[in-house]
**Student:** 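Before we start, here is the structure in question, set down as structure tokens.
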2 protein chains.
Amino acid sequence: MNTKRVLTDRDSAVPALAEAFREHGFEGASLATLSKTTGLGKGSLYNFFPGGKAEMMDAVLEDIDRWFSEMIFSPLEHTVDPTSAVTSMMQEVAAYFRSGRRVCLVGSLGLNTAGEAFKDRVAAYFARWISALAKCLEAGKIPPVLAAHLAEDTICTIQGAIVLARGLGEEATFTRIIERQRAILLQSVARDRKISRFDG
Amino acid sequence: MNTKRVLTDRDSAVPALAEAFREHGFEGASLATLSKTTGLGKGSLYNFFPGGKAEMMDAVLEDIDRWFSEMIFSPLEHTVDPTSAVTSMMQEVAAYFRSGRRVCLVGSLGLNTAGEAFKDRVAAYFARWISALAKCLEAGKIPPVLAAHLAEDTICTIQGAIVLARGLGEEATFTRIIERQRAILLQSVARDRKISRFDG
DNA sequence: TTGCAGTTGTACCGATCAGTACACGTTAGC
DNA sequence: GCTAACGTGTACTGATCGGTACAACTGCAA
């Protein structure tokens, strides 16, 4: 079917677009760049994405959202084993961000005015991530307020680790920080609420 | 003296340039933008910064470096009172980044290829900040390894808090995270090393 | 008043930008 | 093999990019 093939080609271009946007930013990624990295001519690009760069970024964000929903958010929200859910989240995240070599596109979109058109989507991404993790921690018997703080701190730490590792040019930094945060989370869940503890 | 006036005008343009770079990024800040925000015509801009945008960014980074050296790094490195040094650092940082509304230019430079020309400076900024804080914590009798981890975590948290607060569009997020991190640092210093503790 | 260094607005450069138009394959249905 | 729709390369648009050239203006010193 033609329709099928169109969608297939369009979809298969999205990962390359995502990588280009990550590396150069939304403004910095020119159509020439996007054309080169996708292997599609300008004509094809505008055939698949009539809305231009904005529609390409939209498609990329939708793809990211789908991936995170399936691999990160849903498992956290529906787990019955918080310890393994946390472990697997940290593992997936480290792999996804290539130990800090890969930038978080959503995070970087929030940093400058170029991403203003996508700010609702950016906010939704972070909000969902934090609430999904908090829900998982609550399932591990952590009181709601502390769970919310731990979740917030964790997403914050992941984003900070990317910035820091990129800035220092050392992925070891990323690995170290993530590992410590993982330990904090597991320790909190494992403690099993025997002791009511300071929660800021 | 004329020379004096030249330098004064050049220097007085730097904060406006910094704000423009922060808001639009290095590539996103066009000469038209820079001209408007500084109030200087293109002619004046190139008179003061013959090297163009790159020299403007260099001047901005130098200014940032000077400010951080004086207000953040030096106090941390030479303090005799770690508790108040940490408190004042967190306070200065929160004010500087406007509770997360203001982006960390150095951090955002590290995120995409546009900032590649400045990567040594970016790396030096983070390295110095971490080592200055670690030194301060060591002065508070925290063992070197733990101090290094705490310092790394803290700078990571600050950067992450900016990303998260910008992404969510909520400066309360920034304030909360910073406050918790401040508590962790003060608690570590105050404990005064009575108990040897897990340090990741 | 004259001269001069420092400063500034403006016109201009070639390159590149995002986006459009369209003609040329290519392929599928018949 | 014919046709028609789909996919794609290419040439083009006007706007804007970073950067240059330079003439006009400024204020100060003699």
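Keep in mind that what you see is a predicted model, and the values were worked out from it rather than measured. All values below come from the heavy atoms of this structure, side chains included, with hydrogens, waters and symmetry mates left out. Labels below follow one simple rule: chain letters A, B, ... track the order of the sequence lines, proteins then strands, and each chain is numbered from 1.
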**Student:** For A:Y46 and D:dC6, what is the distance between atoms OH and P respectively, to the nearest whole Å?
**Tutor:** 21 Å
**Student:** Between B:I177 and B:L164, which heavy-atom pair has the shortest distance, and what is it?
**Tutor:** CD1-CD2, 4.0 Å
**Student:** Does B:G41 or A:G51 map to a spot on DNA chain C nearer the 5' end, using the closest nucleotide for each?
**Tutor:** B:G41
**Student:** Return the nearest nucleotide to the side chain of B:N47; candidates are D:dG19, D:dT8, C:dT7.
**Tutor:** C:dT7
**Student:** Could you tell me if the ring centre of A:F97 sits under 6.0 Å from that of A:F174?
**Tutor:** no
**Student:** I'd like to check A:E19 versus A:T37 (side-chain heavy atoms, cut-off strictly below 4.5 Å). Are they in contact?
**Tutor:** no
**Student:** Rounded to whole angstrom units, what separation is found between the CE atom of B:M57 and the P atom of D:dG18?
**Tutor:** 12 Å
**Student:** Is there a side-chain contact between B:L150 and B:I184 (heavy atoms, below 4.5 Å)?
**Tutor:** yes
**Student:** Between B:F73 and B:Y125, how do the two ring planes meet: parallel, tilted or perpendicular, split at 30° and 60°?
**Tutor:** perpendicular
**Student:** If I take atom CG in residue B:L40 and atom C1' in nucleotide D:dT26, what distance separates them, rounded to the nearest angstrom?
**Tutor:** 15 Å
**Student:** Looking only at side-chain atoms of B:F48, point me to the closest of C:dT8, C:dG19, D:dT8.
**Tutor:** C:dT8
**Student:** Separation of B:K53 atom NZ from C:dA15 atom C1', in whole Å?
**Tutor:** 14 Å
**Student:** Among residues 18-35 of chain A, which residues get a heavy atom nearer than 4.0 Å to DNA chain D?
**Tutor:** none
**Student:** For the pair made of CZ in B:F49 and C1' in D:dG18, what is the distance, rounded to whole Å?
**Tutor:** 16 Å
**Student:** I'd like to know if B:K42 reaches the base of D:dG19 with its side chain such that a donor and an acceptor end up less than 3.5 angstrom apart.
**Tutor:** yes
**Student:** Taking all heavy atoms of A:P75 and all of A:E70, pick out the closest pair and write down the distance.
**Tutor:** CD-O, 3.3 Å
**Student:** Using whole Å, report how far CD of A:E55 lies from P of C:dT20.
**Tutor:** 12 Å
